Amino acid sequence: MSQRTKIKALLQSQQTEIDVTVKGWVRAFRSNRFIALNDGSTNNNIQVVVDFENTDPALLKRITVGAALSVQGKLIASLGKGQTVEVVANEIEILGDSDPEKYPIQPKKHSLEFLRENAHLRFRTSTFGAIFRVRNSLAFAVHQFFQERGFVYLHTPVITASDAEGAGETFHVTNFDLDNIPKTDTGEIDFKQDFFGRATNLTVSGQLEGELGAMALSDIYTFGPTFRAENSNTTRHLAEFWMIEPEVAFNDLVDNMDLAEDMLKYVIKYALDKNADDIEFLTQRLTEEEKTKPQNERSEMTLLEKLQFCLNNDFERLTYTEAIDILKESTPNKKKKFVYPVEGWGTDLQSEHERYLVEKHFKKPVILTDYPKEIKAFYMRQNDDGKTVRAMDILFPGIGEIVGGSQREERLDKLEQRMNEMGIPTEELWWYLDTRRFGSCPHAGFGLGFERLVLFVTGMGNIRDVIPFPRFPKNAEF
Ligand code: ATP
Ligand code: MN
């Protein structure tokens, strides 16, 4: 009999005095009588009551934290505090023992660093159970949002010969024998002999291929893994992360901002509705964590309030130029409180500047547009001022940049001219330029870093804690 009822369903059951089978892992066992059992369907445990006087002591000994159990018994209304129902066990089967001396996850508070080193087992904690259920809902909601609007989910290649941004932070893909790499007469690596007959790498963005799809299917999105060999050991960067990249023909920058704002609100609302318990738990977790910080560093809102606030307010939209003026006039700049003084027009904003705008000045998500062309990619549409491009970055509290996007340059001559100025080989991107040669049209899109979204919704502080097995410099364990 393998029939089992999920713990989430049992806890919501309107019926009692029924026979049930429940399976899960022991979170705690106290007084030789009360097992807290969890199967990951919810953060809440079901209490299993053991008739210890009539249970084999050898079996009782094997009910340890981390052990996998199958329990047959009766679901009854609970008289105890903290739960409405519980299971009175008739029969307990130990499916898998867990040596309490060796099992790393004890029923106490572990540091997030310790749990990262035990990422294979951290799913069994309340915090990580909640994070990965929320992550799942967000991923599903992304698809639902686009599917409801008639977008086509396009799979762009993971292996590519182009480096979309020209930033050079790519991982090479090769099947050369690394001890014996073929060289040309002039001593260079002979990629002609490599698997693909040319140098290839893991993708840093699906955008360029996404644009090709949009120029026929009109509304597409990608949702796939992305790789960047950036050596930035930050709490916001991973070497392998998931990116969502919609691309829409006939959209301009305003449409693009509307789409991004609608999408973010939709998926956050979905998680709030679907994962109310988990977000409640994560809200308490964050509030506890904040208590360890000095008063002036604590956030004014709880996680739940932050999420609701984000849903109930329009994102603030302003140009990069306006933002620079605000920053120059800001108190921290005048009092020289920024680590990096605001340099003036033309330079990229530091994350402390972005956070000032979002967290202190506007106190809500901000969309900055029309950045100087020098600090943005070649494919962004050039404005008539000759200095700025139709870029947009969405900045979120506690996160900084969560979305980067733009209206694309659809004019062949302007695009080629910019590529030449920036030293981007037009011959290699012949296929990209073909869309501008044949039936070009205005279009726009953006990239949302999925883990940064999960960071925001879970209130976690480190991006390594919102992906099951994080990849970062000097780490590829699991
Ligand atoms: P940042 O300035 O934060 O490094 P970026 O300008 O390199 O971001 P884009 O190239 O515009 O970012 O990528 C689009 C989105 O992908 C970003 O807005 C961000 O949400 C996400 N992203 C970029 N790099 C990473 C990374 N290394 N790890 C996780 N997410 C990332
Ligand atoms: Mn970057």
Side-chain angles (χ1 to χ4, degrees), residues 135 138-139 142 156 160 162-171 202-208 210-211 221-247 256-257 259-261 263-264 267-268 315 320 340 347-355 357-358 365-369 371-380 389-408 444-458 460-473 475:
R135 183 182 165 111
L138 288 169
V142 164
T156 50
T160 160
S162 75
D163 167 6
E165 307 282 326
E169 294 163 335
T170 58
F171 290 101
L202 293 177
T203 185
V204 294
S205 160
Q207 181 202 318
L208 299 188
E211 282 188 52
Y221 69 105
T222 72
F223 188 169
T226 311
F227 309 86
R228 295 191 186 175
E230 46 198 344
N231 233 329
S232 38
N233 238 318
T234 76
T235 54
R236 305 280 174 267
H237 291 89
L238 290 163
E240 176 182 294
F241 63 102
W242 289 68
M243 188 139 70
I244 295 138
E245 295 181 276
E247 191 70 39
N256 205 30
M257 289 191 277
L259 181 69
E261 185 169 341
M263 181 189 89
L264 286 164
V267 299
I268 292 169
F315 297 1
Y320 163 92
Y340 300 91
T347 53
D348 217 348
L349 299 181
Q350 297 292 329
S351 72
E352 58 174 343
H353 305 148
E354 296 179 344
R355 293 189 63 166
L357 290 171
V358 175
V366 169
I367 313 184
L368 291 187
T369 63
Y371 281 75
K373 64 178 179 188
E374 279 74 23
I375 58 175
K376 289 291 178 188
F378 72 91
Y379 48 71
M380 298 192 182
V389 288
R390 290 303 260 165
M392 64 167 216
D393 277 8
I394 303 186
L395 313 178
F396 259 39
I399 308 287
E401 182 187 329
I402 191 163
V403 162
S406 66
Q407 184 175 336
R408 319 304 188 190
F446 61 84
L448 164 69
F450 185 56
E451 283 74 20
R452 294 203 187 165
L453 172 67
V454 184
L455 262 187
F456 181 69
V457 178
T458 58
M460 298 302 290
N462 192 323
I463 201 163
R464 297 171 187 181
D465 293 332
V466 299
I467 187 165
F469 301 105
R471 267 76 182 100
F472 51 90
N475 181 75

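Numbers here simply count residues along the sequence, with the first being 1. Computed from a predicted model, the values in this text were never measured in an experiment. Just so you know, ligand 1 is whichever comes first in the structure, and atom 1 is the first atom listed for that ligand.
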Considering the heavy atoms of [X], write down every atom of ligand 1 situated less than 4.0 Å from one of them.
| X | value |
| --- | --- |
| Arg236 | 28 (N), 29 (C) |
| Ile463 | 29 (C) |
| Gly449 | 15 (C), 16 (O), 20 (O), 21 (C) |
| Val403 | 18 (O) |

Over 12 non-hydrogen atoms of neighbours within 6.0 angstrom of CG in Asn231: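 Open: at most 12 neighbouring heavy atoms sit under 6.0 Å from CG of Asn231.
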What do you reckon, is CZ of Phe469 surrounded by more than 12 foreign heavy atoms closer than 6.0 Å?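 Atom CZ in Phe469 is crowded, with more than 12 foreign heavy atoms closer than 6.0 Å.
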Quick one: does ligand 1 sit under 4.0 Å from the side chain of Ile402, the backbone, both or neither, non-hydrogen atoms only?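 It is the backbone that touches ligand 1; the side chain stays farther off.
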Run the ring pair (Phe, Tyr, Trp, His ring centres under 6.0 Å) check on Phe396 and Phe456 step by step: do they pass? CA-CA 8 Å; Phe396 259 39; Phe456 181 69; 4.6 Å; yes
With ring centroids as reference points, do Phe241 and Phe472 lie under 6.0 angstrom apart?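 No, the ring of Phe241 stays outside the 6.0 Å limit from the ring of Phe472, centre to centre.
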Using a plain distance cutoff, I'd like to know if Leu448 has any nitrogen or oxygen under 3.5 Å from a nitrogen or oxygen of ligand 1.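 No, since none of the N or O atoms of Leu448 sits under 3.5 Å from an N or O of ligand 1.
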Closest by any non-hydrogen atom to atom 24 (N) of ligand 1: pick that one out of Arg228, Lys376, Met243.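 Considering heavy atoms of Arg228, Lys376, Met243, the nearest to atom 24 (N) of ligand 1 sits in Arg228.
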Which is closest to atom 17 (C) of ligand 1 by heavy-atom distance: Glu451, Glu401, Arg471?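 The option holding the nearest heavy atom is Glu401.
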With the threshold set at under 4.0 angstrom, would you say Arg452 reaches ligand 1 through any of its heavy atoms?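 Yes.
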Could you grab the distance from atom CG of Leu395 to atom CZ of Phe315, nearest 0.5 Å is fine?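 Result: 11.0 Å between the selected atoms.
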Quick one: side chain to side chain donor-acceptor pair (under 3.5 Å) partners of Lys373, sequence neighbours excluded?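 Side chain to side chain donor-acceptor pair (under 3.5 Å) check on Lys373 returns nothing, list empty.
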Under a 3.5 Å threshold, yes or no: a donor from one side chain and an acceptor from the other, between Gln207 and Tyr379?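 Yes.
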